[in-house]
Amino acid sequence: MKLTDLIKYTEVLAQGGESKGEITDISYDSREAGPGSLFVAVPGFKVDGHKFIGDALKKGAASVMIQDEAYRSDEYPWVLVADTRKAMADLSSALYGFPSRSMNVIGVTGTNGKTTTTNLIRAVLSDAGEKVGLIGTIHNRIGEEIIPVHHTTPEAPDLQKLFREMLNKGVSYVVMEVSSHALELHRVRGTEYDVAVFTNLTQDHLDFHGSMEKYLEAKGKLFSGLGVKSQKERRKFAIINHDDPQAGFLMEMSRSPVITYGVKTPADVTAEEVKVTAQGVSYFLRYTDQRLPVKLRLTGIFNVYNSLAAIAVGLVEGIPITQIIASLERIPGIPGRFETVDEGQNFTVIVDYSHTPDSLENCLQTAREFAEGRILTVFGCGGDRDRTKRPIMGEVAARLSDLCIVTSDNPRTEDPQAIIDDIVPGILKVVQPGEFLEIPDRREAIYQAIGEARTKDVIVIAGKGHEDYQIIGKEVFPFDDREVAREALRAKGWGAKK
Ligand SMILES: CC(=O)N[C@H]1[C@@H](OP(=O)(O)OP(=O)(O)OC[C@H]2O[C@@H](n3ccc(=O)[nH]c3=O)[C@H](O)[C@@H]2O)O[C@H](CO)[C@@H](O)[C@@H]1O[C@H](C)C(=O)N[C@@H](C)C(=O)N[C@H](CCC(=O)O)C(=O)O
Ligand SMILES: Nc1ncnc2c1ncn2[C@@H]1O[C@H](COP(=O)(O)OP(=O)(O)OP(=O)(O)O)[C@@H](O)[C@H]1O
Ligand SMILES: N[C@H](CCC[C@H](N)C(=O)O)C(=O)O
Ligand SMILES: [Mg+2]
């Protein structure tokens, strides 16, 4: 597309020079720029993208978009806008022909449960014969094709390009996780949603948002934007967890009809007589005048919520209720979410992606519901992330476990021991020094837990779930909790007997 045509889709403050040919892609990273690129200078949290204009031009970028007037120049073509992140999103959807207008797009936001809920919705829609695109933490997916990911919600150019690919490949529904980072950083601006789902809001990411109010405001954008500037015929819906204290705020933010779900408070879609066992949850679904039994292979009360959200989506999409339930009942589990590692041992090993105080509490409480022996918890907290959640997670783990083994999650650029030192004060609110273990090496910590286990104990290895890596410093090392647990079990003589 010609730059002059493309920039009509955003507000341009000033412009200079002639673009070197047509724009074929939009790049926010000079290392990825090339001929045909519009390089967008993003003032980052760490470095200022404007500093890389020279690098992008050397790689052949056709033009640059800036928000800092100091980078106007006679040496290269430039476009000045007020906010490059916003403009980048506007131009990305335009460059790829507004693909989200031609598919049904379902966005799921909330602190916990996004990955699980999107996967449940995907299964329901796919069983109903739709070709589904999935965007989220574990992977992106186009029908059966799996695409690895870096982010939960991609940056705007990557997202719109992916939407285009999905549309070209015949996708009718996109189900995507919408992270609060994405909402705040305008990654999803220009995406037309048809259904917005809210799971819950509890503490996380305060390093980024600064306060819970700001965090909630970011989530709210998905709902306030729903149905605005609609290009589609269909009705929009907001689907909201009515039991969450923030439900009222989000319902007010929504401009579309709201469908509520819940267990504790009256809602449009509710679950009654919930039973949690190690094998899964069961409940009676109440919807209008219907009361239907549901028996999932996923366990934990939180999965009742996730399934209610998926049921509500299925219903607004016109799928018969019995068919929705049948699809959900078939789902064996979600990778790294309360996933058991079974080598035939006489105790239980669970790998779970809980890395927030609330999800850790949910996970351990679920384990408590059926544990016949002790609960041994191996966990840590990610480096370069919300520090204030660390002692809270320590307190939660100590309160709900018989033995805590504190270890490293992804330390990233922080000192692993310093992260542990942030966690420990929370643990010490519950137990005495000497009543828990500190083992910074995660492999060693997992081996120790498995070494300590007695018959009927439950070992919970929390925080990394499906991740198959560990980030130490800036390096990414292969590491999979499930594989390491399996190795440790075999080292102890289990597995071989099977
Ligand atoms: C906090 C956050 O979201 N940061 C994002 C932000 O990074 P930043 O502002 O620090 O970037 P920076 O390093 O200062 O660089 C500024 C600009 O210069 C560019 N640059 C840099 C170097 C160079 O040589 N050339 C160049 O052009 C960079 O590409 C960037 O555009 O902009 C970058 C791209 O422009 C993103 O890749 C980056 O995501 C980082 C990697 C990240 O870890 N994000 C996580 C926290 C995240 O987004 N997580 C959520 C899920 C959270 C959840 O709900 O659990 C997600 O959606 O994945
Ligand atoms: N609805 C829920 N409410 C609270 N906790 C949940 C819920 N669903 C799942 N969990 C817990 O949170 C963990 C993460 O779940 P999931 O991956 O579905 O969430 P997410 O919102 O996608 O997380 P992330 O933001 O890290 O991608 C699970 O392993 C489980 O322990
Ligand atoms: N999307 C989350 C994932 C956290 C996973 C945990 N293993 C960690 O590294 O902190 C984040 O970026 O904060
Ligand atoms: Mg996720």
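Scope of the values below: all heavy atoms of this structure, side chains included, with no hydrogens, waters or symmetry mates. For ligands, and for the atoms within them, numbers begin at 1 and follow the listed sequence.
- Taking a cut-off of under 4.0 Å to the non-hydrogen atoms of Thr116, the atoms of ligand 2 that pass are 16 (P), 18 (O).
- Set against the non-hydrogen atoms of Asn306, the atoms of ligand 2 under 4.0 Å away are 1 (N), 2 (C), 7 (C), 8 (N), 9 (C).
- Counting protein heavy atoms only, atom 11 (C) of ligand 2 is closest to Ser359 CB, 3.5 Å.
- Residue Asn410 has at least one N or O atom closer than 3.5 Å to an N or O atom of ligand 3.
- At the shortest separation from atom 6 (C) of ligand 2 among protein heavy atoms lies Asn112 CB, 3.6 Å.
- The single protein non-hydrogen atom nearest to atom 1 (N) of ligand 3 is Tyr353 OH, 4.3 Å, given as residue, atom name and distance.
- When each atom of ligand 3 is checked for a heavy atom of Arg385 under 4.0 Å away, the hits are 11 (C), 12 (O), 13 (O).
- Closest to the Mg ion (ligand 4) among the N, O or S atoms of Glu177 is OE1.
- Within the 4.0 Å heavy-atom cutoff, Thr111 counts among the residues contacting ligand 2.
- Lys275 forms no cation-pi arrangement with Phe284, by the criterion of a distance under 6.0 Å to the ring centre and an angle within 45° of the ring axis.
- On a distance-only criterion, Arg412 and ligand 3 share at least one N/O pair closer than 3.5 Å.
- A salt bridge between Arg187 and Glu184 is absent, with no side-chain N of the basic residue lying under 4.0 Å from a carboxylate O of the acidic one.
- Those atoms of ligand 2 with a heavy atom of Glu177 less than 4.0 angstrom away are 22 (O), 27 (O).
- Geometrically, ligand 2 and His355 share a nitrogen or oxygen pair separated by less than 3.5 Å.
- Not one N/O/S atom of Thr118, from backbone or side chain, sits under 2.8 Å from the Mg ion (ligand 4).
- Heavy atoms only, all atoms of each residue included: Gly113 and Thr117 are closest at O-OG1, 2.7 Å.
- In this structure, the protein non-hydrogen atom closest to atom 7 (N) of ligand 3 is Asp409 OD1, 2.7 Å.
- Any N or O atom pair closer than 3.5 Å counts here, and Thr152 shares no such pair with ligand 3.
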Can Met393 and Ile423 be said to form a side chain to side chain contact (heavy atoms under 4.5 Å, CB included), step by step?
CA-CA 7 Å; Met393 286 176 68; Ile423 299 171; 5.7 Å; no
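- The pair Arg390-Asp422 meets the salt-bridge criterion, since a charged nitrogen lies less than 4.0 angstrom from a carboxylate oxygen.
- For ligand 2, the polar-atom distance check against Arg337 finds a nitrogen or oxygen pair separated by under 3.5 Å.
- Residue Gly463 has at least one nitrogen or oxygen atom sitting less than 3.5 Å from a nitrogen or oxygen atom of ligand 3, judged on distance alone.
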Show your reasoning for whether salt bridge (Lys or Arg N to Asp or Glu O under 4.0 Å) applies to Lys464 and Asp481.
CA-CA 7 Å; Lys464 292 176 64 64; Asp481 282 349; over 6 Å; no
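- Between Tyr193 and the options Val188, Val174, Asn104, a side-chain contact (heavy atoms from CB on, under 4.5 Å) holds for only Val188.
- What sits closest to atom 20 (P) of ligand 2 on the protein, heavy atoms only, is Lys114 N, 3.4 Å.
- The N/O atoms of Glu467, backbone and side chain alike, include one that comes under 3.5 Å of an N/O atom in ligand 3.
- In the vicinity of Gly382, heavy-atom distances shorter than 4.0 Å reach the ligand 3 atoms 8 (C), 10 (O).
- Among Ile138, Val108, Thr199, Thr137, the one residue that satisfies the side-chain contact (heavy atoms from CB on, under 4.5 Å) test with Glu177 is Thr137.
- Other residues, nucleotides and ligands contribute more than 12 heavy atoms inside 6.0 Å of the NZ atom of Lys169.
- The shortest N or O to N or O distance between Gly113 and ligand 2 is below 3.5 Å.
- Annotation: Asp358 places no N or O atom under 3.5 Å from an N or O atom of ligand 2; distance criterion only.
- Closest to atom 30 (C) of ligand 2 by heavy atom, among Asp352, Asn200, Thr117, is Asp352.
- Distance check for Tyr353 against the Mg ion (ligand 4): none of its N/O/S atoms falls below 2.8 Å.
- Within the listing of ligand 2, atoms 29 (O), 31 (O) sit less than 4.0 angstrom from a heavy atom of Ser354.
- Near His205, the atoms of ligand 3 lying under 4.0 angstrom from a non-hydrogen atom of the residue are 13 (O).
- Between the side chains of Thr111 and Asp358, no donor-acceptor pair of N or O atoms lies under 3.5 Å.
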Checking Glu452 against Gln448 for the side chain to side chain donor-acceptor pair (under 3.5 Å) test, could you report, in this order, the C-alpha distance in whole Å, the side-chain angles of both residues, the deciding distance, and whether it holds?
CA-CA 6 Å; Glu452 294 268 342; Gln448 178 78 27; 3.0 Å; yes
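- Ion pair Arg286/Glu272 flagged as a salt bridge, since at least one NZ, NE, NH1 or NH2 atom sits closer than 4.0 Å to an Asp/Glu carboxylate oxygen.
- Protein heavy atom nearest atom 2 (C) of ligand 3, with residue, atom name and distance: His355 CE1, 4.0 Å.
- In terms of N/O distances under 3.5 Å, ligand 2 is approached by Asn362.
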Chi angles and distances behind the side chain to side chain contact (heavy atoms under 4.5 Å, CB included) call for Trp494, Asn346
CA-CA 9 Å; Trp494 300 105; Asn346 56 12; 3.6 Å; yes
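- Scanning the protein heavy atoms around atom 9 (C) of ligand 2, the nearest turns out to be Phe302 CD1, 3.5 Å.
- Atom 27 (O) of ligand 2 has its nearest heavy-atom neighbour, among Thr137, Asn119, Leu298, in Thr137.
- A salt bridge is defined here as a Lys NZ or Arg NE, NH1 or NH2 lying under 4.0 Å from an Asp or Glu carboxylate O, and Arg330 with Asp127 meets this definition.
- Around the CZ atom of Arg387, the shell of radius 6.0 Å holds no more than 12 heavy atoms that belong to other residues, nucleotides or ligands.
- The local environment of NZ in Lys131 is crowded, with over 12 non-hydrogen atoms from other residues, nucleotides or ligands closer than 6.0 Å.
- Aromatic ring pairs are classed by plane angle as parallel below 30°, tilted from 30° to 60° and perpendicular above 60°; the pair Phe338 and Phe370 is perpendicular.
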